[in-house]
There are 2 protein chains.
Amino acid sequence: MAALSLFLDVPLMREADRLLDAYQEDPSPDKVYLDHWDCQTETGKVWVCPTVRQILLQIANDPTLDHEYLPVLGFPEFTRAATELALGRESRAVIENRAGGVHTVGGTGAVRIGAEFLQRWYNRSSPSPIAVYIALPQWDSLRCIFQDAGFTEIRPYHYWDTVRLAVAIDDFLEVLESAPDCSIVLLHAPEETGLTPKQWEEVARVMRRKRLFPFFDVPAQGLASGDLDRDAWALRHFVAQGFELFCAQSFSKTFGLYNERVGNLIVVVRDNETLLGICSQLQKLVMGMWYTPANLGARVIATVLNNPALLSKWKQSLQTLAERIMLIREKLKEKLRILGTPGCWEHLTAQSGTRSFTGLLPSQVAFLERHKHIYLLGNGQVSVCSINSHNLDYVAQGINEA
Amino acid sequence: MAALSLFLDVPLMREADRLLDAYQEDPSPDKVYLDHWDCQTETGKVWVCPTVRQILLQIANDPTLDHEYLPVLGFPEFTRAATELALGRESRAVIENRAGGVHTVGGTGAVRIGAEFLQRWYNRSSPSPIAVYIALPQWDSLRCIFQDAGFTEIRPYHYWDTVRLAVAIDDFLEVLESAPDCSIVLLHAPEETGLTPKQWEEVARVMRRKRLFPFFDVPAQGLASGDLDRDAWALRHFVAQGFELFCAQSFSKTFGLYNERVGNLIVVVRDNETLLGICSQLQKLVMGMWYTPANLGARVIATVLNNPALLSKWKQSLQTLAERIMLIREKLKEKLRILGTPGCWEHLTAQSGTRSFTGLLPSQVAFLERHKHIYLLGNGQVSVCSINSHNLDYVAQGINEA
């Protein structure tokens, strides 16, 4: 046997998480980390939907449940309820049986399965590679998924104007106008973007004219406005306009069940026959990737979504969480006003959802990290949930000094 | 908006499960299905490891457990214990820190992640596509995984002589001898094949000379002989011989936890530095596929593997299950002897594990289905667990008539 490894040329990939590493190594007692991907509570713990523990106990105690494989496309009560939650029960696509869901391993799994399908079946007659557009804040996490699925033309776009500190709708529309016809565009809604319905209507108009394919990414329906229906406005508008589309839906944040990996790939197409063909091909792709999805998380979520009492409790807790996030935004803005921090901070409350652009420049972000032990992304984005009453004053003071 | 779907040309993929459909549609009260993929108990229920329910309750009751994401490579206590279970605690590869595990979504996920890695990093200087060899009984389930990962040269081999009703070791060795150097060979151990240690040594010798890459597929360690160490003999022999290899390990059958999707991709290489490089690349691939694996199943299994009392209980229950399978083989052979069925049925007990070649010809399989409502694969393979004291006589009688 040769003494050298067959894999000598495999380089060590450094993890991208420099920020977390730097935070963890910082010995300062004042240090604050503002880039959590999960929702933190006021005490800095991970938020979990209050009914979840009770349902987990019920499931563990239920002698009628077995541990047989789920169907390849997942837990049907879950996919149906999740799809209706996004599109609305009254959606024509639902009523006409031309919308369906595939239960996936988290939101990532939903994007990946969708990308694999599109890579094989979307616009196959195109002589040049299909372009995929991904918004900058999602660029790092989503680009590699489309790359791994075989797409070669992946392009970033931005919807946030770092000078005007507002949605950069004109730039966004310009990107869409100049995109090759039939490109795929990842639309991130409802979180963060804060596009108004009017702006979404404009986006839909351009996308229709250019025959661009909408692939929605819905990581936390309900956490932007606190209202599930309002947060689904953009998606439902596209469906109502007759678009065929995909939507990757995640329940990690809205149930606080990160580690059970529950996602749903929603497919909306012209008619039921097309839907059945697509689902049969998605089934083949799932069988080659994870065979069938994991059960527990989807069972918990299906229990909530299909029980009116639990559903109403969950909606209430989502609203409370969303209100807490909005309150933090208000408090931070107010604090900065009192400190007399230069600049206008209206954009803090004009945005919604768990993540927020602060408008801080890379040099200011570096100052915060070096001198105040406050860690956030170079583009100035923070997780609003990472701020609580214990660190709010310190963070505001830090921003003021920066 | 055009009235035609963008996906008009997506054909409906018929599910491959013709057999199950035919069985389910058969109105006969005598019907018997002999192709279950899960382990059935004497009463035709799915077998679950007896300690699982108790651990599930413990987990649901434990207030210290949160639901944060697992690390990308999974639950460390699980991967370490699972890897040691396969390789042995005393394995030099383990002691020298050059064996590692990646917690995956089931055995399928382990094969897929391994295949994706090999497609990118294995033998990159080869001018022609790398050939992958898959044994015929696993052909249907594994071929699509390697295809989806981008391999184009996938070839079947057989290790079962349908005339002599015995392991076709000469044919197997001949395939290995004639394979292009550095091909990848899927080795299915310990189940079914029933290769003796001497035959495995021969396989390893040829594979070393031809520099073939071993990718073990271990779906149910412990269920062939009832002894975990004995079932790991072939894998450990390859490791001891200094091979670098992959091994996809599944716990679905051995814990009866099919729907929580627990797998582990074991990587054994020359040294720790190479292992770290490979794991960092695997991490990148996982992030683009499911981001991090699901928690529950791995937590249950880690609890058992890391607790000596629970481990010994589990080993006992595995042994009982394996003995039951062996007893069914004995009983069926005896029954056929009493009925005076033509032919020798020694091969029923010469094989081990949950699945078995019966030696029935396609015409006999068709006869059983048409006239006796007994459903099995065209190659004569059955799931031994699907036979129990209620249907044993009927099945034996059917085989006798066929």
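Sequence lines set the chain letters: A, B, ... in the order given, protein chains first and strands last, and positions in each chain run from 1. Only this structure's heavy atoms are used, side chains among them; waters, hydrogens and symmetry mates stay out.
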Peer 1: Does the S383(B) side chain pair with the main chain of H36(B), one donor and one acceptor, at a distance under 3.5 Å?
Peer 2: yes
Peer 1: Given a strict heavy-atom distance threshold of 4.5 Å, which part of F75(B) is in contact with chain A: side chain, backbone, both, or neither?
Peer 2: neither
Peer 1: Examine distances only and state if a side-chain atom of N97(B) and a backbone atom of N272(B) form a donor-acceptor pair shorter than 3.5 Å.
Peer 2: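 No: the side chain of N97(B) does not pair with the backbone of N272(B).
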Peer 1: Would a 4.5 Å heavy-atom cut-off, applied to side chains only, mark P76(B) and H103(B) as touching?
Peer 2: no
Peer 1: Just give me the residue among L57(B), L70(B), V52(B) that pairs up with chain A most often, heavy atom to heavy atom, under 4.5 Å.
Peer 2: L57(B)
Peer 1: Below 4.5 Å, heavy-atom pairs only: which of R53(A), Q58(A), R143(A), R124(A) has the largest tally toward chain B?
Peer 2: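 Heavy-atom pairs under 4.5 Å are most numerous for R53(A).
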Peer 1: If the plane angle is over 60° it's perpendicular, under 30° parallel, otherwise tilted; pick one for F7(B) and F246(A).
Peer 2: parallel
Peer 1: Looking at S280(B), A60(B), G297(B), which one has more heavy-atom pairs under 4.5 Å with chain A than the rest?
Peer 2: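 Winner by heavy-atom pair count: S280(B).
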Peer 1: Are Q283(A) and M13(B) close enough that some pair of their side-chain heavy atoms sits under 4.5 Å apart?
Peer 2: no
Peer 1: Is there a side-chain contact between V300(B) and V262(B) (heavy atoms, below 4.5 Å)?
Peer 2: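 The answer is no; the side chains never approach within 4.5 Å.
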Peer 1: Looking at Y291(B), Y69(B), F255(B), which has the largest count of heavy-atom pairs under 4.5 Å with chain A?
Peer 2: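 Ranked by contacts with chain A, first place is Y69(B).
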Peer 1: For the side chain of R299(A) and the backbone of I59(A), is there at least one donor-acceptor N/O pair under 3.5 Å apart?
Peer 2: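 It does not hold such a pair.
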Peer 1: Shorter than 4.5 Å, heavy atoms on both sides: which option in G256(B), A149(B), G106(B), C182(B) has the most such pairs with chain A?
Peer 2: G256(B)
Peer 1: For D9(A), is it the side chain, the backbone, both or neither that has a heavy atom under 4.5 Å from a heavy atom of chain B?
Peer 2: both
Peer 1: Can you tell me if Q281(B) uses its side chain to pair, donor with acceptor, with the backbone of P11(A) under 3.5 Å?
Peer 2: yes
Peer 1: Tell me, for R209(A) versus chain B, whether the close heavy atoms (under 4.5 Å) come from the side chain, the backbone, both or neither.
Peer 2: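 Neither part, no heavy atoms under 4.5 Å.
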Peer 1: Check for a donor-acceptor pair, side chain of R112(B) on one end and backbone N or O of W290(A) on the other, with a separation under 3.5 Å.
Peer 2: no
Peer 1: Side chain, backbone, both or neither: which part of T292(A) has a heavy atom under 4.5 Å from chain B?
Peer 2: both
Peer 1: Report the option among E116(A), H67(A), K284(A) that has the most heavy-atom pairs separated by less than 4.5 Å from atoms of chain B.
Peer 2: H67(A)
Peer 1: What part of S141(B) lies closer than 4.5 angstrom to a heavy atom of chain A: side chain, backbone, both or neither?
Peer 2: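 Neither part; nothing is under 4.5 Å.
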Peer 1: Name the region of L118(B), side chain, backbone, both or neither, that has any atom closer than 4.5 Å to a heavy atom of chain A.
Peer 2: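 Just the side chain, heavy atoms under 4.5 Å.
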Peer 1: Between E273(A) and chain B, with a heavy-atom cut-off of 4.5 Å, which part of the residue counts as in contact: side chain, backbone, both or neither?
Peer 2: neither
Peer 1: Is D66(B) in contact with chain A via its backbone, its side chain, both, or neither, using a 4.5 Å heavy-atom distance?
Peer 2: backbone
Peer 1: Measure distances from T104(A) to the heavy atoms of chain B and classify the residue's part below 4.5 Å as side chain, backbone, both or neither.
Peer 2: neither
Peer 1: Using distance alone, with no hydrogens and no angle criterion, decide if N295(B) and E260(A) have a side-chain donor and acceptor under 3.5 Å apart.
Peer 2: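 E260(A) and N295(B) do have a side-chain donor-acceptor pair below 3.5 Å.
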Peer 1: Can we call the ring centroids of Y122(A) and F215(A) under 6.0 Å apart?
Peer 2: no
Peer 1: Taking side chain as everything from C-beta outward and backbone as N, CA, C, O, which of these in R120(B) sits under 4.5 Å from a heavy atom of chain A? Side chain, backbone, both or neither.
Peer 2: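 Side chain only.
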Peer 1: Tell me, side chain or backbone of Q147(B) under 4.5 Å from chain A's heavy atoms, or both, or neither?
Peer 2: neither
Peer 1: Report the option among N123(A), D271(A), I145(A) that has the most heavy-atom pairs separated by less than 4.5 Å from atoms of chain B.
Peer 2: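 Counting heavy-atom pairs under 4.5 Å, the top option is I145(A).
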Peer 1: If I measure from the heavy atoms of chain B, does F117(A) come under 4.5 Å with its side chain, its backbone, both, or neither?
Peer 2: side chain
Peer 1: Counting heavy-atom pairs under 4.5 Å to chain A, which of L276(B), I278(B), I113(B) comes out on top?
Peer 2: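 When all of L276(B), I278(B), I113(B) are compared, I278(B) has the most.
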Peer 1: Is there a side-chain contact between F213(A) and I130(A), using heavy atoms and a 4.5 Å cut-off?
Peer 2: no
Peer 1: Who among P293(B), G107(B), G150(B) has the most heavy-atom pairs with chain A under 4.5 Å?
Peer 2: P293(B)
Peer 1: Under the 3.5 angstrom rule, does the side chain of E244(B) hit a backbone N or O of R270(B) as a donor-acceptor pair?
Peer 2: yes
Peer 1: Would you mind checking which part of L285(B) comes under 4.5 Å of any heavy atom in chain A, side chain (CB onward), backbone (N, CA, C, O), both or neither?
Peer 2: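 When you check distances to chain A, atoms from both the backbone and side chain of L285(B) fall under 4.5 Å.
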